[in-house]
Amino acid sequence: MSSIAAALPLVIRMHPADNVAIVANDGGLPSGTSLPDGPVLREHIAQAHKVALADIPAGAAVRRYDVPIGYALQDIPAGSWVHERLLQMPDARELDGLPIATRQPAPLPPLEGYTFKGYRNPDGSVGTRNILAITTTVQCVAGVLDFAVKRIKAELLPKYPNVDDVVGLEHTYGCGVAIDAPDAIVPIRTLRNISLNPNFGGEVMVVSLGCEKLQPERLLPPGSIPIVDERKVADVGASAEPTLDVVCLQDERHIGFMSMIDSILRTAEEHLERLNARRRETVPASELVVGVQCGGSDAFSGVTANPAVGFATDLLVRAGATVMFSEVTEVRDGIDQLTARAVNAEVAEAMIAQMAWYDAYLQRGQVDRSANTTPGNKKGGLSNIVEKAMGSIIKSGTAPISGVLAPGEKLKQKGLIYAATPASDFICGTLQLAAGMNLHIFTTGRGTPYGLAECPVIKVATRSDLARRWHDLMDVDAGRIATGELTIEDVGWELFHLMLDVASGRKKTWAEHWKLANALVLFNPAPVT
């Protein structure tokens, strides 16, 4: 794109019925700028912020995505900056009378012949990485495990070149909680299912303190662990349950701190030997389990990155893969669009139930959904959660929604799945890992150094300015869509091919390169005691 073309005023209108558009130029546009086929700007408008394309009288709907994102609190002349202080946010859509499975598009043609190199697991799943994960039952052992993992990486991992990494599944749960409360199942099953994530090869190792409420046998009861090494059960019959591999720090055999560490290292080496014997093999793209999420969103999220991810989502579903989209907060205001896309009434009602839980949660806390948009979201041009939601759900593409997962549940089907999670980045990522995610897509407009140790994370920038400034953090520049350099379809295909390369280990993401990762954040709706 030439510098002359780059200097021309560029605004993006999402639908012909919209009466606002967003400014696409880096640095925004100054007062007095004449927009192509539009008004003259009455004031400076920053990049990603909205401009009124016509006079909007007080009380009239301000439309973006052909949806009322608010109602004007005063007359807004054409060419004015349209922001949150000028808008009354619409009421949330009632959960009664929603369209149920009314949008049944013709099936998209299958996408065949695409493969990646992955690790087949005993339970039939496929990993994109070969990682030793060490589960913890309680927060009290986190410091000990962190010390042990550092030694494992320094002393043992170099001996096993086919193992990608060692991670401690550390968290802040396990004791001091109402362990028998009805909602306690959520964090417990989350941690259990993460321990069985496809990227861990079926190897289950646990570090326990000993006195915690969440005992190892409760976290991973009989029948929950797949048999990895048949030689272990050869002497007692193929139907025997595999042994839960636990290092208990309060075991009387441990004399001093280093005895604990040595025990963890000895146990880890047994698992590393088995993981090291595994090899990648060619598998169909249908074995991908992709979680999609956005964080640090801006007004470009729904224009560039999320539509490109949505196009890639459709490609994955056509290839027979599984895609999860999430974030209850981010989709609540588009619930009518989602229930219409449900494959049947059961799926629609399951989504409605998750939204009803969220509504009740807000009511208990005496807050409303307007609290969702962050200062960064607003600085990036998003006026409220309605506008944010419209841009967020585009990540889900156009395929029918074939299933719903409650928090912490594990996937049991393929296709496009709504995995209910809070909008917090790391809680969402944690719950998608528990569902069985083996590859993660994360879009951002403001920028966030988000990463997961347990799974490759492909970062997609909504704006070219962010992609340039964070050149060693962003994997894909979707801002090229805004400038007209590429189309949504172009970037969607680019992202699809990158997913296959990353899943195969042929490419590493920037998050992997820098080893960006946070501890797991378990969603715990149960009361603390």
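As a basis for the values below, the full set of heavy atoms in this structure was taken, side chains included, without hydrogen atoms, waters or symmetry mates. Every value quoted in this text rests on a predicted model; they were computed, and no experiment measured them.
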Could you tell me whether D501 and R506 make a salt bridge, using a distance below 4.0 angstrom between a side-chain N and a carboxylate O? yes

Can F442 and D425 be said to form a side-chain contact (heavy atoms from CB on, under 4.5 Å), step by step? CA-CA 9 Å; F442 186 92; D425 295 346; 3.6 Å; yes

Are E327 and K388 ion-paired here, with the side-chain N under 4.0 Å from a carboxylate O? no

Is there a donor-acceptor pair under 3.5 Å between the side chain of N19 and the backbone N or O of A54? no

Any ion pair linking D333 and R369 (charged N to carboxylate O, less than 4.0 Å)? yes

Does E346, at its CD atom, have more than 12 non-hydrogen atoms belonging to other residues, nucleotides or ligands within less than 6.0 Å? no

Go through the side-chain N and O atoms of N377 and T374 and say whether any donor and acceptor fall under 3.5 Å apart. yes

So which heavy atom on L111 is nearest to which on L315, and how close? CD2-O, 3.6 Å

Please confirm whether the backbone N or O of S402 pairs with a side-chain atom of Q413, one donor and one acceptor, at under 3.5 Å? yes

Donor on one side chain, acceptor on other, Q47 and D26, under 3.5 Å: yes

Show the nearest heavy-atom pair for residues T462 and A305, with the distance to one decimal. CG2-CB, 3.7 Å

Face-on cation placement of R463 at W470 ring, 6.0 Å and 45° thresholds: no

Examine distances only and state if a side-chain atom of D359 and a backbone atom of A356 form a donor-acceptor pair shorter than 3.5 Å. no

Nearest atoms (heavy-atom pairs only) where P407 meets A420: CG-O, 3.5 Å

Under 3.5 Å, is there a donor on one side chain and an acceptor on the other for T509 and D475? no

If you take the centroid of each ring, where Trp contributes its six-membered ring, are F311 and F496 closer together than 6.0 Å? no

Side-chain donor-acceptor contact under 3.5 Å, T398 with D314: yes

If you count heavy atoms of other groups shown closer than 6.0 angstrom to NZ of K414, is the number above 12? yes

Have S464 and D477 got a donor and an acceptor in their side chains that come within less than 3.5 Å? yes

Side-chain touch E454/N199, heavy atoms, less than 4.5 angstrom: no

With a sphere of 6.0 Å drawn around CG of D472, does it hold more than 12 non-hydrogen atoms of other residues, nucleotides or ligands? yes

